[in-house]
Chemist: 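Can you keep this structure in mind? I'll have questions shortly.
Numbered from 1 within each chain, the chains take letters A, B, ... in sequence-line order. In what follows, every heavy atom counts, from backbone to side chain, and hydrogens, waters and symmetry copies are set aside.
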Number of protein chains: 2
Amino acid sequence: MHNKNVVPFITEKSDCGSDHPVCEACEVRACGMCSELNSDTLRELRKITRMKEYKAGDQIFCDEEPTENYATIKNGIVKLSKILPDGRQQTIGLGFPPDFIGRAFKDKNASFASALTDVTVCTFPRDLFNDYLKSTPSLEHKLFELTLNELDSAREWMLMLGRMTALEKVAALLLNFSERLHNAKLLQGLQSELNKFELLLTRAEISDFLGLTIETVSRQFSILKQKGLINVQNQRFIEILDRPSLDTLAGHENY
Amino acid sequence: MHNKNVVPFITEKSDCGSDHPVCEACEVRACGMCSELNSDTLRELRKITRMKEYKAGDQIFCDEEPTENYATIKNGIVKLSKILPDGRQQTIGLGFPPDFIGRAFKDKNASFASALTDVTVCTFPRDLFNDYLKSTPSLEHKLFELTLNELDSAREWMLMLGRMTALEKVAALLLNFSERLHNAKLLQGLQSELNKFELLLTRAEISDFLGLTIETVSRQFSILKQKGLINVQNQRFIEILDRPSLDTLAGHENY
DNA sequence: ATCTTAAATTGACATAGATCAATGATATCG
DNA sequence: CGATATCATTGATCTATGTCAATTTAAGAT
């Protein structure tokens, strides 16, 4: 199992009990799926929720088995991936707090979810939740918005996968990851510098995301370092030295 | 403008008037966004809808300008694409009836939509529709389901873009396209054979979808022909001769 | 400290797919 | 019916990225 040594980037624990979590104190209360619920509705929903923790590398759900539970990410990063019959793998998304994981209205996931860092999620049984969703438009609305964001980013990555060079892909990943990590940390009330962060993915995980090999990813890091766009310490700690140039590489229009 | 000569694959006209369409007779009444609406609600919605027709090649909306209208595809195929500052292009999805086009709750599209064939859509003003959506949970629910399907297929294509060979990509496209076209035709009550269809995309459009060049796509067609998996007439009319083998190439597990 | 292990880097070489260029089909128009 | 234009195919290279192998770095255990 990889990543054993990763320190979860969010270290504070919520004070939720494990059976009847105090949702009011939840890390993602303000922005997650539950943010649109009033306290009555929340009290109802709370009855079916349960906290779960995963260690970095753990599988959260897989392709083949029907989903028992959906979940909201409270803490840590979740990797979503797909796999071809012969084993070729492609990461199709990263989930940060307060993302939802699972496929609403279906009992089969067409993908795998695994914990990239240590992860805490708030789970709820599939059937109950689907019923609940149908009778609670505000909840469904919020989940719809989260889904639209995921669709936007999936399409963004399609452009990246189909048309960018290896160097551009790495630049795009660094920018995207730094922003999402930064936001997740701020959300938790933690200190964070946008341009200085721990890259929580291994080269293998990066290459699965970018549709490249480990070696090619490594070479692009060397090029970015040599060009003075980034600085890397201990192969994990990234400092972005020239964000505008990275933006240009990543195809972000700069006005 | 390309594709001038394309005959729209759905030739019957709906009998909807152009200002107050008779939704009950709509091609996609049974399966589209409106399928969940009762006739009262439908009568309301109808007040803000308007039919629009586009010729093959026409732009429906673009990246830069805010969306004025959303739409449901009644007829024809819509291409969604993204473009890098230097002009590199990636198709991120194909819309068939009864797909929704536009980005709910936002006034900016992060993509271009253009008509791949002649297209008829049912449009509605953005602001009115967003309001309507918020007050009509059944409508929002249906749109949510359509969006989930799009997310599923975007992720499917991410695996394709990131990890498949050129030959596999072409196989996957042919299978996917034949199915969706078949369904769209059946939906319209037209005759259709799953394994015999007109490929409505040019090689350029295919290559934009698959993240390849025209020449590479062409070569893969030749290989598939030579292997006896497909037959091509006049460079447009495809017959799938060996679907199981194509399925294997496309990474579809066969049990 | 030294040993062990996993991950990252770097180099040498191979190859899938891109690029450039020529030829061949198909459809349109006079 | 031939002329023209567009699109598709095929061939000859080139190149970015993959593959294979050796080395280096970092981290943890003893």
Side-chain angles (χ1 to χ4, degrees), chain A residues 1-7 56-57 84 86-90 116 160-171 173-174 198-226 230-238 249, chain B residues 1-7 55-57 84 86-90 116 160-171 173-174 198-227 230-238 249:
Chain A
M1 207 115 295
H2 45 199
N3 269 346
K4 270 209 185 93
N5 54 339
V6 170
V7 177
L84 249 10
D86 67 355
R88 280 173 288 174
Q89 202 179 337
Q90 176 67 47
L116 200 70
M160 183 277 292
L161 288 170
R163 292 299 184 200
M164 284 187 178
T165 65
L167 190 65
E168 293 168 339
K169 285 177 175 182
V170 171
L173 176 84
L174 288 174
E198 182 179 359
L199 187 61
L200 298 162
L201 302 101
T202 64
R203 297 293 181 268
E205 286 160 343
I206 294 172
S207 60
D208 276 341
F209 202 178
L210 304 183
L212 300 169
T213 58
I214 297 175
E215 295 91 331
T216 300
V217 170
S218 184
R219 281 182 243 271
Q220 311 316 312
F221 271 95
S222 301
I223 294 171
L224 291 175
K225 271 189 284 188
Q226 187 208 305
I230 64 170
N231 200 353
V232 182
Q233 292 215 342
N234 288 9
Q235 302 166 334
R236 304 188 61 77
F237 295 91
I238 307 288
L249 269 177
Chain B
M1 206 118 302
H2 45 200
N3 270 347
K4 270 205 186 101
N5 54 338
V6 171
V7 177
K55 287 277 158 213
L84 249 11
D86 68 355
R88 279 173 289 174
Q89 201 178 339
Q90 176 66 48
L116 200 69
M160 183 277 293
L161 287 170
R163 291 301 184 197
M164 284 187 177
T165 65
L167 190 65
E168 293 167 339
K169 285 177 175 182
V170 171
L173 176 83
L174 288 174
E198 181 178 359
L199 187 62
L200 298 162
L201 303 99
T202 63
R203 297 292 180 270
E205 285 160 343
I206 295 173
S207 62
D208 276 342
F209 202 177
L210 303 183
L212 299 169
T213 57
I214 298 176
E215 295 91 331
T216 300
V217 170
S218 183
R219 280 183 243 273
Q220 310 316 311
F221 271 95
S222 300
I223 294 171
L224 291 175
K225 271 188 284 188
Q226 186 207 305
K227 286 191 173 189
I230 64 170
N231 200 354
V232 182
Q233 291 213 343
N234 287 9
Q235 302 166 334
R236 305 187 60 78
F237 295 91
I238 307 288
L249 268 177

Chemist: Go nucleotide by nucleotide along DNA chain D from the 5' end; which of Thr165(A) and Phe237(A) gets its closest nucleotide reached first?
Modeler: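 Going by which nucleotide is closer to the 5' end, it is Thr165(A).
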
Chemist: Nearest heavy atom decides the nucleotide; on that basis, is Arg163(A) or Lys225(A) closer to the 5' end of DNA chain C?
Modeler: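 Looking at DNA chain C, the more 5' nearest nucleotide goes with Lys225(A).
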
Chemist: How long is the straight-line distance from CG of Leu173(B) back to CD of Glu205(B), given to the nearest 0.5 Å?
Modeler: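 Glu205(B) CD to Leu173(B) CG: 11.0 Å, rounded to 0.5 Å.
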
Chemist: Can you tell me how far C1' of dG11(D) sits from CD of Glu215(B), to the nearest Å?
Modeler: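 Value for this atom pair: 11 Å.
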
Chemist: Return the value, rounded to whole Å, for the distance between atom CG of Leu199(B) and atom P of dT9(D).
Modeler: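 So the CG-P distance, Leu199(B) to dT9(D), works out to 10 Å.
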
Chemist: Quick one: the side chain of Arg203(A) and the base of dT25(D), do they pair up donor-acceptor inside 3.5 Å?
Modeler: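 Absent.
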
Chemist: Send over the distance from Gln233(B) CD to dA27(C) P, rounded to a whole Å.
Modeler: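 Atom CD in Gln233(B) sits about 11 Å away from atom P in dA27(C).
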
Chemist: How many whole angstroms separate atom CG of Asp208(B) from atom P of dA18(C)?
Modeler: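 Going from CG in Asp208(B) over to P in dA18(C) covers 12 Å.
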
Chemist: What's the separation between atom CD1 in Ile230(B) and atom CG in Leu224(B), rounded to the nearest 0.5 Å?
Modeler: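 Between atom CD1 of Ile230(B) and atom CG of Leu224(B) there are 4.5 Å.
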
Chemist: With rounding to the nearest 0.5 Å, note down the distance linking CG in Leu210(A) to CD in Gln220(A).
Modeler: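 Atom-to-atom, Leu210(A):CG and Gln220(A):CD are 9.5 Å apart.
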
Chemist: Phe221(A) CZ to dT24(D) C1': how many Å, rounded?
Modeler: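 Answer to the nearest Å: 18 Å.
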
Chemist: Round to the nearest Å and state the distance from Arg219(A) atom CZ to dA12(C) atom P.
Modeler: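 To the nearest whole Å, that distance equals 11 Å.
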
Chemist: According to a strict under-4.0 Å criterion, is Ser218(A) in side-chain N/O contact with OP1 or OP2 of dT9(C)?
Modeler: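 So the side chain of Ser218(A) is within the cut-off, an N or O lying under 4.0 Å from OP1 or OP2 of dT9(C).
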
Chemist: Heavy atoms from C-beta onward define the side chain here; which of dT17(D), dA18(C), dT9(D) lies closest to that of Leu212(B)?
Modeler: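 It is dA18(C).
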
Chemist: May I ask you to evaluate whether Asn234(B) reaches the phosphate of dA25(C), defined as a side-chain N or O under 4.0 Å from OP1 or OP2?
Modeler: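 Negative; the distance criterion is not met.
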
Chemist: Under a 3.5 Å distance rule, please check whether Gln90(B) uses its side chain to pair with a backbone N or O of Asp208(B) as donor and acceptor.
Modeler: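 Indeed, once roles are kept as given, a pair shorter than 3.5 Å links the two residues.
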
Chemist: What is the separation between atom CG on Leu167(A) and atom P on dT17(D), rounded to the nearest whole Å?
Modeler: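 Between P of dT17(D) and CG of Leu167(A): 9 Å.
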
Chemist: Return the 5'-most residue of the pair Val217(A), Gln235(A) with respect to DNA chain D, ranking by each residue's nearest nucleotide.
Modeler: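 The 5'-side residue here is Val217(A).
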
Chemist: CD of Gln89(B) to CG of Leu84(B): how many Å apart, nearest 0.5 Å?
Modeler: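 Going from CD on Gln89(B) over to CG on Leu84(B), the span is 10.5 Å.
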
Chemist: Round to the nearest Å and state the distance from Ile223(A) atom CD1 to dT9(C) atom P.
Modeler: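 Result: 12 Å.
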
Chemist: Quick one: the side chain of Arg236(B) and the base of dT6(D), do they pair up donor-acceptor inside 3.5 Å?
Modeler: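 Counting by modelled atom types and ignoring angles, no donor-acceptor contact under 3.5 Å is found here.
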
Chemist: Is the shortest side-chain N/O distance from Ser222(B) to OP1 or OP2 of dT10(D) below 4.0 Å?
Modeler: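 So the side-chain polar atoms of Ser222(B) do come within 4.0 Å of the phosphate oxygens OP1 or OP2 of dT10(D), strictly under.
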
